[in-house]
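Atoms considered below: every heavy atom in the structure, side chains included; atoms not considered: hydrogens, waters and symmetry mates.
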Amino acid sequence: MTNFKILCFLMFAFAFTVSDGFADDRKTVTLTGWGIDAKNPDKFIKNAEEVGFNVLITWSTDPIFLKRTVETGEQHKIKIFSCISPMGGMEGLWKKRYPGRPVPWQVMTNDEEAARKFIMAGKNQYIIPYQFGGEPKMTNEVLGTKIICFNDLEARELFKPLIDDIVSVPGIEGMAFDGFGYQNYRRCHCEHCKTLLTEYGARHPEMTKNETEVIFFRDTLVDYINYLADYARSKKEGIKTSIHIWPVFAPEPLYGKRLDIDFCGQTAAWYNLWPKEKIAEYSKIISGEAKSYHQRQKGVGMIGYYDKPGKFPVKDAIRVDMELQTMIENGCLEIQVCGAKDVMDNKGISVVFEKYFK
Ligand SMILES: [Zn+2]
């Protein structure tokens, strides 16, 4: 063969190998989207199939809405999860169950409360470098939304009838968790938590004060989520579980390996523009550590995408492509995006997702 022919052959062989490898990746990557448009779920689910979504998670727990979305999902090969949250919706449940008693919200310090008021005032949260529950950049950065104290077991019981309703929807794929974290990203300062922390410290004299606090509140959160996931499985064998870990647990952002959850979503690319190196590093950890504690777990990388200029940093198609490619190349073959509607409503962005998932 002439040198030219050899070169052509080598180029062809190389191209074939690359495209073949890419084709294999395309077969194995899956896409989960947060949110289903309540106004027009049928059209939304049909569009989601066209983009390449495999799963949609809705914040609705309404059995009628869930039944409808499951049925439409079956026509479009999209599985439906319904999500529980320890945030605002808990207030109504608590007041109904325990009228006259205050809701056991997490308690923050006075400084954290003052920071919350400042962050939530006017448009402050869009002007300051606020991370909306992602890894904080400012001192005393906190979430505006109240969250139930994870050491209040009466509040935990309120999730059970909700879970019963979700798992009894025929054909539903699973139950998801959202908002399970601390409002100040670290701990709760209520009297009950303080007492339990002191007792925990007394049982662990080998730990420093900081270690005691971090491990106690981390494990409280982990045990709480695992307890509810176990409960869901006890009510319906084979029910799947999913989560996006948010708000962040600042002392250990990637604690997700400890969760006995099937699809454990951890942030790999947040709404603000993380450097490529950080996305790569986090994706490797998320995928590599997934089975450290629980065999059922699949590590899921979460990419934040909002099409809300002026409120959230703009991610253009090149940026989104880089983030998805970096996540996949570093082992995250399961990907979650929030919000699914933002992706579908922006043609330039949805074609990037189609490239990887359709
Ligand atoms: Zn507490």
Side-chain angles (χ1 to χ4, degrees), residues 21 24-35 48 51-58 73 77-84 163 166-167 171-181 221-234 236-246 248-249 252-270 279-305 323-338 340 343 353 356-358:
D24 282 344
D25 283 349
R26 282 166 59 108
K27 274 179 214 160
T28 51
V29 290
T30 61
L31 180 62
T32 294
W34 281 90
V51 174
F53 283 92
N54 306 90
V55 174
L56 290 173
I57 302 171
T58 173
K77 299 191 250 1
I78 288 185
K79 291 167 180 162
I80 306 295
F81 281 65
S82 168
C83 172
I84 59 168
I163 294 171
I166 291 171
V167 302
I172 196 141
E173 181 71 5
M175 192 194 78
F177 295 80
D178 189 29
F180 286 78
L221 179 56
V222 167
D223 292 347
Y224 196 96
I225 295 166
N226 287 350
Y227 175 88
L228 293 176
D230 279 342
Y231 177 78
R233 287 188 284 266
S234 79
K236 189 176 180 184
E237 207 187 330
I239 194 86
K240 295 282 189 278
T241 50
S242 181
I243 193 170
H244 170 233
I245 290 179
W246 175 86
V248 68
F249 183 65
E252 188 182 323
L254 296 176
Y255 74 84
K257 63 189 170 190
R258 302 169 195 281
L259 298 180
D260 197 5
I261 293 282
D262 296 282
F263 301 97
C264 187
Q266 306 197 73
T267 302
W270 195 232
I279 297 171
E281 183 199 342
Y282 274 42
S283 299
K284 263 186 210 152
I285 295 169
I286 291 165
S287 56
E289 290 187 343
K291 297 201 187 300
S292 311
Y293 291 77
H294 305 284
Q295 276 307 303
R296 84 175 81 240
Q297 193 188 112
K298 285 188 170 127
V300 183
M302 187 271 186
I303 171 173
Y305 177 76
E323 292 186 349
L324 286 174
Q325 191 182 350
T326 306
M327 289 163 75
I328 293 167
E329 279 178 359
N330 287 282
C332 284
L333 301 181
E334 303 271 348
I335 294 193
Q336 281 181 4
V337 63
C338 184
V343 169
F353 278 82
Y356 291 98
F357 300 100
K358 197 171 177 180

Heavy-atom side-chain proximity of I335 to V300 below 4.5 angstrom
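No, side chains not in contact.
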Is there side-chain contact between E173 and V55, with heavy atoms separated by less than 4.5 Å?
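The answer is no; the side chains never approach within 4.5 Å.
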Can you list every salt bridge (charged side-chain N to carboxylate O under 4.0 Å, His left out) pair that touches residues 257-267, not counting sequence neighbours?
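Listed once each, the pairs are R233-D260, E252-R258, K257-E289, D260-R296.
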Not counting sequence neighbours, which residues clear salt bridge (Lys or Arg N to Asp or Glu O under 4.0 Å) with [X]? List them please.
X: K77; result: E49
X: E329; result: none
X: E323; result: K315, R319

Would you please name every residue forming a side-chain hydrogen bond (donor to acceptor under 3.5 Å, both in side chains) with T326, sequence neighbours left out?
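Scan of T326 (side-chain hydrogen bond (donor to acceptor under 3.5 Å, both in side chains), adjacent residues dropped) gives none.
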Taking only residues two or more places apart in sequence or in another chain, which ones pass side-chain hydrogen bond (donor to acceptor under 3.5 Å, both in side chains) with N54?
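Not a single residue meets the side-chain hydrogen bond (donor to acceptor under 3.5 Å, both in side chains) criterion with N54.
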Are the side chain of Q297 and the backbone of L259 linked by a donor-acceptor contact shorter than 3.5 Å?
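Checked: pair present.
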Sort out for me which residue in I243, I166, I57 forms a side-chain contact (heavy atoms from CB on, under 4.5 Å) with M175.
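Between M175 and the candidates, side-chain contact (heavy atoms from CB on, under 4.5 Å) is satisfied uniquely by I166.
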Classify the angle between the aromatic ring planes of Y255 and F249 as parallel (below 30°), tilted (30 to 60°) or perpendicular (above 60°).
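Perpendicular: the ring planes of Y255 and F249 meet at over 60°.
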Please work out which of the three classes, parallel, tilted or perpendicular, describes the rings of F177 and F180, given edges at 30° and 60°.
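Perpendicular.
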